[in-house]
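Everything below concerns the one structure shown next.
Being a predicted model, the structure only gives us computed values, none of them experimental.
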Amino acid sequence: MRDTWSYFPSGKIIFGNGAIHKLGELLKNMNARNIFLITDKGIVQSGILHTVLNILEKDKFQVKVFDGTTPEPPVSKVLECYEYAKKEINADVIIGLGGGSSIDLAKVVALLVAHGGQPQDYFGENAIPSAIAPLIAIPTTAGTGSEVTSVAVVTDTVNNIKVGISNNYLRPAVALLDPELTMQLPPYVTACSGIDALAHAIEAYLAKDFKYIQAEGDILFQGSAPISDTLALQAIDLISKNLVTAVQQGTNLEARSNMLLGSLLAGLAFSNAGTAAAHALAYPIGGLSKSPHGEVTGLLLPYVISYNARTTGEKIDKLAQAMHIPAYNLQPASDKIQLVVSHIIDILQQIGLPTRLHSIGITREQLPEIAEKAIQIERLIRNNPRAATVGGFIDLLEKAY
């Protein structure tokens, strides 16, 4: 039994409408002149990059832009970006501007700038020896929480699986969150990123209690603890109230702001508590399906909650309260888990996301491979409140199929 828990905060957080206009002052305070900015073509086309470059050019910063980010970037894309950075600019600060993939790419490039090597050298947990290059994360989606987390996800195309690099040194020095930058996000991207944030918060909250995490020494994902529980519940409340509105009314600034705040709080929660089976299963599925990561974790979430039903105890009642599930307290105990599961499936349907694995291209023959790969992701599996087995996961996947 573990006797203590720790909480690792992020770097500086700046949040609010118009916060992007703090960027020039922020960089001056960091004594930065040369900036390497990592983003994607969608951010270029939306005009957001133009807005940011105007701010930087007004203060005469030297800026080089890499706009080739792809979803869950493969190792080859990381190396392409890193080589471009080495060739083009001796960066004082790296900026990740965009969704989770752009920020994750910026994290890994900042890691390689500081320490060299290959991304594969740092796969898994706690393989980074010291601080990465100074990094500012500017999210334009409300979902991954990557602007404050200790994780970056890339695609290992050799083994056909999404892989996490997990280390507290990966937390950006600054998270700059401006809800106005999320206003142009299309409904589908809003839905995928938002349901991922909800999955982060729920899995962090329902994670195994820190006392019973079986691992030696210092670990990144520590299981459920008081601070992460508090953050996760607040995130669940915000996201549950605002996700459908943000998807269906994209110009609703209040809903957008609450979603971005919910995603931030979920990131602070899960980067300490950890996620569990939904994310463990999503990694191999992500290697087999073209669906975005958030779509996969959201699809799996209700089935994982059902799988863990006998081990989540009184926490399910607090989860239902945070999700504002109607008439929950009037239900017999035997029906309460199913009510939570049905409520999440209803949210998925309202925001237009799939609820079955066959609808994202997974075949029944692939289920054993998915279960076998997921069970090996120890940093997530040890957090799951119910002991995971390959057979149990195959059964879960069959129900989700």
Side-chain angles (χ1 to χ4, degrees), residues 71-72 99-101 103-104 123-125 143-146 148-156 161-167 170 192-208 213 215 219-224 228 231-232 235-236 239 263 266-289 291-308 311-312 319 344 348 353 357 360 362 367 370-388 390 392-393 396-397 400:
E72 284 98 36
S101 293
I103 295 174
D104 282 1
F123 283 178
E125 195 171 12
T144 67
S146 187
V148 292
T149 70
S150 51
V151 178
V153 176
V154 297
T155 302
D156 177 358
I161 190 171
K162 302 294 192 306
V163 181
I165 300 173
S166 304
N167 194 293
L170 279 181
C192 290
S193 55
I195 202 68
D196 191 30
L198 184 62
H200 290 155
I202 289 177
E203 287 216 290
Y205 181 62
L206 295 181
K208 187 184 295 181
I213 297 292
I219 54 174
L220 194 68
F221 292 159
Q222 303 175 66
S224 170
S228 58
L231 292 166
I236 293 164
I239 296 166
S263 173
L268 290 169
F270 93 80
S271 63
N272 283 275
T275 52
H279 279 76
L281 290 162
Y283 279 122
I285 291 172
L288 298 169
S289 169
S291 288
H293 170 77
E295 183 171 84
V296 178
T297 56
L299 186 159
L300 290 166
L301 183 61
Y303 304 101
V304 169
I305 289 174
S306 180
Y307 176 81
N308 291 331
T311 58
T312 46
L319 172 62
I344 295 173
L348 289 168
L353 294 184
L357 288 172
I360 62 169
I362 298 300
L367 301 186
I370 292 167
E372 288 164 6
K373 285 186 174 181
I375 209 82
Q376 297 174 39
I377 307 176
E378 171 60 23
R379 73 184 190 281
L380 304 182
I381 294 301
R382 68 180 178 230
N383 281 345
N384 203 63
R386 176 179 169 182
V390 171
F393 272 2
L396 183 163
L397 292 165

### Task
Can you sort out the partners of T311 under side-chain contact (heavy atoms from CB on, under 4.5 Å), two or more places apart, ordered by chain and number?
N308, P385, R386
### Task
Taking side-chain contact (heavy atoms from CB on, under 4.5 Å) as the test, write out the residues that go with I362, two or more places apart.
I285, L288, S289, L357, I360, Q366, L367, I370
### Task
Check whether any side-chain heavy atom of V151 lies under 4.5 Å from a side-chain heavy atom of I165, and answer yes or no.
no
### Message
If we ignore hydrogens and angles and just use 3.5 Å, is the side chain of K162 paired with the main-chain N or O of T155 as donor and acceptor?
### Response
no
### Message
So, using side-chain contact (heavy atoms from CB on, under 4.5 Å) as the criterion, who are the partners of A278 when residues are at least two apart?
### Response
E203, L300, V304
### Summary
Closest non-hydrogen atoms of L348 and G298, given as atom of the first, atom of the second and distance, are CD1-O, 3.4 Å
### Summary
Applying ring pair (Phe, Tyr, Trp, His ring centres under 6.0 Å) to Y303 and not counting sequence neighbours gives none
### Residue pair N272 / S228, side-chain donor-acceptor N/O under 3.5 Å
no
### Task
Go through the structure and list residues passing side-chain contact (heavy atoms from CB on, under 4.5 Å) with S271, not counting sequence neighbours.
T149, S150, R171
### Message
Applying ring pair (Phe, Tyr, Trp, His ring centres under 6.0 Å), can you list everything that pairs with F221, at least two apart in sequence or on another chain?
### Response
none
### Query
Can you check whether L380's main-chain N or O pairs, donor with acceptor, with N384's side chain at less than 3.5 Å?
no
### Query
Relative to each other, are the rings of H279 and H293 parallel, tilted or perpendicular (30° and 60° limits)?
tilted
